[in-house]
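Below you'll find the structure, written out as structure tokens, and then a few comments.
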Amino acid sequence: MTAAIRRFFDHDLWWSFSRSPLTVGAALVTLAFLLAALLAPWVAPHDPFDPASLDLLDAFTPPVWTERGDPRFLLGTDDQGRCVLSTIVWGSRISLLVGFAAVLLSAALGVALGVSAGYLGGAYEAVVMRLADVQLTIPGILVALTINGVARTLVPRELQEAAAIWVLVLAIGISDWPKYARLARGTTLVEKSKEYVAAARVIGLHPLRIMVRHLLPNVMGPVLVIGTIGLALAIISEATLSFLGVGVPPTTPSLGTLIRIGNDFLFSGEWWITLFPSLALVLLVLAVNLLGDWLRDAFNPKLR
Amino acid sequence: MSAPPLVAVEGLARRFDVSRPWLARLLTREPRRWLQAVAGVDFAIPRGTTMALVGESGCGKSTVARMLVGLLQPSAGRILFDGSPLDPRAGRKALAPVRRRMQMIFQDPYASLDPRWRVADIVAEPLDAFGLVASRAERRERVAELLRAVGLSPADGSKYPHEFSGGQRQRISIARALASRPDFLVCDEPTSALDVSVQAQILNLMKDLQERLGLTYLLISHNLAVVSLMADRVGVMYLGRIVELAPAEELFTRPRHPYTRLLLDTVPDLELRRRERVPVAGEVPSPIDPPAGCAFHPRCPWANGRCRAERPEPLPVGAARVACHAVEEGRLLA
């Protein structure tokens, strides 16, 4: 165990990580968001989803450092008297949840299709990859909107609020798979020609077993890198859909929903309702993106 | 050769489709193009012996190896293993008993071991695949035994391939090939990626194992020194065909086919005691568009009209089998 820890700190990856202050900063910010999201019930000063604790008289309180600020609400409150800081913490939780789940879905879908297409080849590969090409010609957000709309009409009305998050995950996940499929197929083509795959075929292993046990682990490295960058994009997609009003409902707001709600009050002077969720979104996406960029460079032997 | 051969190959051929895509072909009215990698190859390997296939790169020797172990399907001809023909189109389950008995050692020890697997799992892969071990303890014991057999320590099983040198990796590769207790090993250039000092160690290991386990080898190599050390019989391949097949000493002391002579002449001879060297120029022609007649005639100093028109059939000459008009007619006497 101690040897494993020592190896970790001896590793090139750790070296390149600790040498880049930007990356360390990005990692800290991401970690902070993750912790806040995970521990939201204990971190957030208020529970913004509990109607009993809300008081409409607190509505539109500006941030604490302004003239009419209230020490109970650090970043002010929104139109329903919800603490903006708390909604950001809870909102990040939903944004991150949707982001992770969507990346997981699209990566699983894309890697499964990409690896099998690369390994099996032939007509199956042609169909899968042309499908990916076709979907790439349509803007992702449009695909997500379409899937979202179709899924919503299929979900019964009384379940819509509860299912909203999973409909979003489905929409973003499906809109993003071609990227993973292309990457997985390319990496599979490289790995497939290596002799360890031939050795497995000489033994007569089932193609499925070769794909799962040999190709998959060797394809996951690059996928992890793209997945990190994909997480940032998925969070933005979620925010966009929620901003457009087709995402999560206002009762359980994500960062995108918060920005949209705040937008309604921007012209009446209550700038803090939209500004702080926006800043949180920018910070989160930037941090995750920087981490992804660093991972990509660190894994690229040509840049080392 | 009284005992029936373990492996025999009859009229083995393989061609590859190298045509341009369908649409491009349709537009340019170009016919399909085929690359004849292997054509009409016959040989038999007696149990417990080593047969080598030598030739320049692109002569089809690796294709023969890959067909034998089932990585490629033959376009024509058949493979007999232990007397019964191998049906490459048979199902995975039906082929398993034969697959267990034939394994392969690969050229590049840096690519032939999955970098994400521990050595013990790599070596045990055939054991798991063929269901040869009943318990984890038995598996561990068998892996330790295999690692010891190739000169590694059982403790190496918990390491990853990148922690080993090229020679050690090739030992792991051999241990994996031996795991299912095969009778027949196809060795595709097993030492050409290794340092010269390590090559000898691996070759000695292979000879030891052959003696101890009664293995039969098919050795693919372009290195004549390796071949002369290892092989009992040697087949010289040129453009997909065996042009000369002879016992090893015979081939090295009395090469008959002009191409075999060319190959042996290219081996540096420190004492300069060999006969006068015949300069042979030129390169291997394209197997997509092979020359008519004898494929070697554009480079052969003894070629005549017949060589350019008629393909020579392999004919017995002494203990050898040679496909050459000049040898048959006695035009060429060494």
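Scope of the values below: all heavy atoms of this structure, side chains included, with no hydrogens, waters or symmetry mates. Below, chains carry the letters A, B, ... as their sequence lines are ordered, and counting in each starts from 1.
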Can a donor-acceptor pair be found, under 3.5 Å and without considering hydrogens, that links the side chain of [X] to the backbone of [Y]?
| X | Y | result |
| --- | --- | --- |
| Arg201(A) | Leu71(B) | yes |
| Glu195(A) | Asp108(B) | yes |
| Trp117(B) | Arg213(A) | yes |
| Arg92(B) | Gly204(A) | yes |

[X] atom [atom1], over 12 foreign heavy atoms within 6.0 Å:
| X | atom1 | result |
| --- | --- | --- |
| Glu145(B) | CD | yes |
| Arg100(B) | CZ | yes |
| Arg181(B) | CZ | no |

Is there side-chain contact between [X] and [Y], with at least one heavy-atom pair below 4.5 Å?
| X | Y | result |
| --- | --- | --- |
| Arg209(A) | Asp128(B) | yes |
| Lys194(A) | Asp114(B) | no |
| Arg99(B) | Ile203(A) | no |

- Query: Which pair of non-hydrogen atoms, one from Glu125(B) and one from Leu205(A), has the smallest distance, and what is that distance?
  - Reply: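 Reported closest heavy-atom pair: OE2-CD1, 3.2 Å.
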
- Taking atom CZ of Arg116(B) and atom OH of Tyr196(A), what is their separation to the nearest 0.5 Å? 8.5 Å

- Message: What part of Tyr110(B) gets within 4.5 angstrom of chain A, counting heavy atoms only: side chain, backbone, both, or neither?
- Response: neither

